[in-house]
Amino acid sequence: MCESVHCIQISNVENGETFQHSVVLLKGVLSNPCSSGRLRVVSTDGRPVTYSVAFENCSGKLGAKQETNQYFRILLRLSAGENGYEVEYCSTKKHLRLVYTVPISLHTVLPLYIICNGHDGRYQSDESDTECDSESACRKITLAIELLQCLYAEKLYENGFGRKTFTLEASCVPFRSQLAYERSGGMAEGELWQHFATELVQSQHYDMERVKVVAFLSSTHFAGISDGDYSYENIRKKTTGHAALGGGGLALFGTGCLYTWPSSLEAVCAAFLNQQPIDCAKLLDDSNYRRTYGGCFATTLGSVCHEMGHTFDLGHTPDGSIMGDGFDDIDKVFVGTHDRPSNGSTGPKRVIETKPHGPAGKLTQLRRPGDVFRQRLEAKQNDYVFFAPISALTLCYHRWFNQLERHVCGSMRFDSTTRTVVCSNTTLVLVELRQTVNGMMQRCWTFNQLNELKATFTLPKLPNLSDQTLFVMDTIGNVLKVNLSSENFAQI
């Protein structure tokens with residue numbers, strides 16, 4: 001029998017809190033852990049509980065004596081309605097009541113698994129993996145999008161906007177494409193994006209005006225490294241049917257690293273922490289040079305998060321944020337930092353081409369923010385993963401993050417003569433200037449909706465406006481994009 005005195009504290013969730021996403025993250029601290037203790041989550045009504053736990057150690061003084069704290073993170077799946085739990089450690093129990101309200105939203109996100117004509121639908125995996133079929137792929141993809149639902153909610157919460165997030169239309173299902181498998185292998189990611197975006201619209205299976213699709217191509221193939229060159233550029237040269245590109249109503253990805261993704265919530269933390277080395281002679285490694293299963297899962301899930309951000313109209317930001325170059329370490333949101341620095345601060349810089357493809361440019365090679373800015377962000381977001389304030393504000397008012405009525409009035413227009421944005425029956429939230437070539441944020445103006453209601457905004461006289469795209473959002477989620485590079489200021 002353990003004689004230690006323990007205390008369980010949950011730091012980010014209040015007892016009785018309501019959520020509109022089923023997978024939630026609990027952050028907490030356990031004081032004075034013992035060698036035989038085990039953290040468990042049980043239901044107060046005896047129902048099975050689906051969860052995953054990760055720990056990180058930290059020592060410090062509690063009261064007058066030296067004790068050890070063990071920080072933990074729990075990923076927990078809620079059932080619809082009220083959920084009662086006991087978080088247990090030895091004889092210590094922490095009661096927690098959480099409510100899951102299934103959202104009803106006009107605007108949703110739908111994950112799809114695209115199978116080209118002539119392909120068997122099996123994603124590339126280890127030879128011993130017998131469950132790499134479309135059913136397994138759809139389970140993994142659905143879980144990944146649920147994790148990102150949770151992540152978006154937590155990051156908006158950290159920015160003071162509550163736990164707003166997108167709504168899932170349904171679980172992932174296969175989509176049978178008319179594109180021949182042989183042809184897809186010779187297409188660049190921009191071509192693949194254009195083809196599938198067109199095919200989805202023409203198929204009329206989905207209302208693309210209200211549904212954003214996150215699609216994964218089953219036929220991604222990696223030929224293997226045999227020449228000893230493990231650079232990112234060489235890996236990409238040996239990979240066909242690959243994409244990581246988002247914008248408009250579609251975010252498209254390859255499945256070359258799907259073998260590192262877990263199929264169940266219980267396996268998520270272990271998958272992020274998995275240090276098994278990748279055999280690059282056989283399997284694709286997209287881990288920002290970490291070459292582990294866990295690193296690969298983190299980077300590729302982070303890429304999905306980043307590209308989905310583009311479908312939600314987010315631009316690039318010149319910092320270490322999710323919409324900058326900070327998505328490789330997305331695992332820290334779910335398993336903590338484990339006393340290790342942000343990977344991006346020690347690993348090689350990510351170098352990805354900056355030429356735009358389809359509706360949005362790729363992630364550029366970015367400069368690190370100044371030390372003061374970085375320290376302020378790290379103090380606020382202790383897992384190093386964050387949305388820049390302008391990105392969080394955009395998401396807060398975005399239609400995919402709000403349950404709006406179908407017939408909401410209001411509009412915006414841009415007067416090219418006076419360089420003025422004019423709202424009708426609505427007010428402004430933000431105005432942003434982005435580089436047209438790569439979507440990088442250059443300048444922004446935001447408006448406090450409590451005491452600064454503005455229906456018009458005139459752009460100041462700035463140099464190089466001809467290289468910019470104007471992005472504007474109002475309080476009901478209307479978006480205005482104007483290409484200032486064109487002679488007639490063409491609306492996008």
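Here the structure is a predicted model, which is why all the values come from computation and not from measurement.
We find the CH2-CG distance between Trp193 and Leu252 to be 9.5 Å, quoted to the nearest 0.5 Å. We find the CD-CG distance between Gln20 and Leu78 to be 12.0 Å, quoted to the nearest 0.5 Å. Note that CD of Gln403 and CG of Leu106 are 10.5 Å apart. Values are rounded to the nearest 0.5 Å. For the atom pair OG (Ser22) and CD (Gln149), the distance works out to 6.0 Å, reported to the nearest 0.5 Å. Between the CG atom in Leu433 and the CG atom in Leu459 there is a gap of 5.5 Å [rounded to 0.5 Å]. Put simply, NE2 on His306 and CZ on Phe327 are 6.0 Å apart, with the number rounded to the nearest 0.5 Å.
Each of Thr260, Asp328, Asn288, Asp331 was checked for a side-chain hydrogen bond (donor to acceptor under 3.5 Å, both in side chains) with Thr299, and the lone residue meeting it is Asp328. Evaluated for a side chain to side chain contact (heavy atoms under 4.5 Å, CB included) with Leu453, the options Thr427, Thr426, Leu428 yield exactly one hit, Thr427.
Ring centroids of Phe216 and Phe253 are separated by less than 6.0 Å, placing the two rings close together. Checked against the 6.0 Å centroid threshold, Phe161 and Phe401 do not count as a close aromatic pair. Aromatic rings from Tyr232 and Tyr289 are positioned such that their centres are separated by 6.0 Å or more.
Under a 3.5 Å cut-off, the side chain of Ser321 and the backbone N or O of Met323 do form a donor-acceptor pair. Under the 3.5 Å distance criterion, the side-chain polar atoms of Asn402 are matched with a main-chain donor or acceptor of Cys396. Here the side chain of Thr142 pairs a donor or acceptor atom with the backbone of Cys172 at under 3.5 angstrom. Panel note: side chain Ser11, backbone Lys27; a donor-acceptor pair is recorded below 3.5 Å. In this structure a side-chain-to-backbone donor-acceptor pair under 3.5 Å is present from Tyr152 to Cys305. Within the 3.5 Å criterion, the main-chain N or O of Met441 finds no donor-acceptor partner in the side chain of Glu432. Under a 3.5 Å cut-off, the side chain of His242 and the backbone N or O of Arg236 do not form any donor-acceptor pair.
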| query | Should Val53 and Cys269 be marked as a side chain to side chain contact (heavy atoms under 4.5 Å, CB included) after you check the CA-CA gap, both sets of side-chain angles, and the distance that decides it? | reply | CA-CA 6 Å; Val53 180; Cys269 292; 5.8 Å; no
| said: Using the rule given for side chain to side chain contact (heavy atoms under 4.5 Å, CB included), can you reason through Lys140 versus Tyr123, listing the C-alpha separation, both sets of side-chain angles and the distance that settles it, and then say yes or no? | reply: CA-CA 12 Å; Lys140 292 185 174 193; Tyr123 59 89; 3.2 Å; yes
| Step-by-step side chain to side chain contact (heavy atoms under 4.5 Å, CB included) determination, Leu301 to Leu151 | CA-CA 11 Å; Leu301 185 66; Leu151 182 144; over 6 Å; no
| Between Leu76 and Tyr85, is a side chain to side chain contact (heavy atoms under 4.5 Å, CB included) present by the stated rule, with each step listed? | CA-CA 10 Å; Leu76 179 65; Tyr85 300 105; 3.6 Å; yes
| request: Quick one: do Thr165 and His21 satisfy side chain to side chain donor-acceptor pair (under 3.5 Å)? Show the steps, please. | output: CA-CA 8 Å; Thr165 191; His21 53 287; 5.7 Å; no
| said: Please evaluate residues Thr255 and Tyr113 with respect to the criterion side chain to side chain donor-acceptor pair (under 3.5 Å), reporting the C-alpha separation (whole Å), side-chain torsions for both, the decisive distance (0.1 Å), and the verdict. | reply: CA-CA 9 Å; Thr255 55; Tyr113 186 60; 5.1 Å; no
| query | Between Asn478 and Arg399, is a side chain to side chain donor-acceptor pair (under 3.5 Å) present by the stated rule, with each step listed? | reply | CA-CA 8 Å; Asn478 286 320; Arg399 286 188 174 171; 2.6 Å; yes
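Using a 4.0 Å cut-off between charged nitrogen and carboxylate oxygen, Glu158 and Lys155 count as a salt-bridge pair. Contact check on Asp329 versus Arg290 returns a salt bridge, with a Lys/Arg side-chain nitrogen under 4.0 Å from an Asp/Glu carboxylate oxygen. Classification of Arg163 and Glu154 as a salt-bridged pair holds, one side-chain N sitting under 4.0 Å from a carboxylate O. Of the charged side-chain nitrogens involved, at least one lies within less than 4.0 Å of a carboxylate oxygen, so that Glu169 and Arg210 count as a salt-bridged pair.
Side-chain contact between Glu307 and His310: present, with at least one pair of heavy atoms (C-beta onward) separated by less than 4.5 Å. Here the side chains of Phe196 and Cys116 are in contact, with some heavy-atom distance below 4.5 Å. Between Tyr100 and Val24, every side-chain heavy-atom pair lies at or beyond the 4.5 Å cut-off. The shortest distance between side-chain heavy atoms of Thr418 and Thr458 does not fall below 4.5 Å. A 4.5 Å side-chain heavy-atom check between Asn15 and Ile10 finds every atom pair outside the cut-off. Residues Ile145 and Met308 meet the side-chain proximity criterion, which asks for heavy atoms closer than 4.5 Å. Using a 4.5 Å heavy-atom threshold, the side chains of Val213 and Leu200 count as touching. Inter-residue side-chain proximity for Val472 and Phe414 is flagged as unmet; no heavy-atom pair is nearer than 4.5 Å.
Ser263 and Leu143 get closest at one heavy-atom pair: C-CD2, 3.9 Å. Nearest heavy atoms, Ala392 versus Asn159: CB-CG, 3.5 Å. Residue Leu112 comes nearest to Phe175 through the heavy atom pair CD1-CB, 4.2 Å, listed as atom of the first residue, atom of the second, then distance. The two atoms that bring Ile114 and Ala215 nearest to each other are CD1-CB, 3.6 Å, heavy atoms only. Taking each heavy atom of Thr220 and Gly254 in turn, the nearest pair found is OG1-CA, 3.1 Å. Closest approach of Glu56 to Val335, counting heavy atoms only: OE2-O, 4.5 Å.
Under the 30°/60° scheme for interplanar angles, the aromatic rings of Trp445 and Phe457 are found to be tilted. Using cut-offs of 30° and 60° for the angle between ring planes, the Phe272 and Phe334 rings count as parallel. Aromatic ring orientation, His398 versus Phe312: perpendicular (interplanar angle above 60°, classes split at 30° and 60°).
For Ser79, the side-chain contact (heavy atoms from CB on, under 4.5 Å) test picks out Arg47, Asn83, with sequence neighbours left out. Every side-chain contact (heavy atoms from CB on, under 4.5 Å) that Thr240 has, sequence neighbours left out, goes to His221.
Using a 3.5 Å distance cut-off with no hydrogens or angles, the side chains of Thr469 and Thr436 do pair a donor with an acceptor. For the residue pair Ser218 / His119, a side-chain donor-acceptor distance below 3.5 Å is found, with atom types taken as modelled.
Around the CD atom of Glu17, the shell of radius 6.0 Å holds more than 12 heavy atoms that belong to other residues, nucleotides or ligands.
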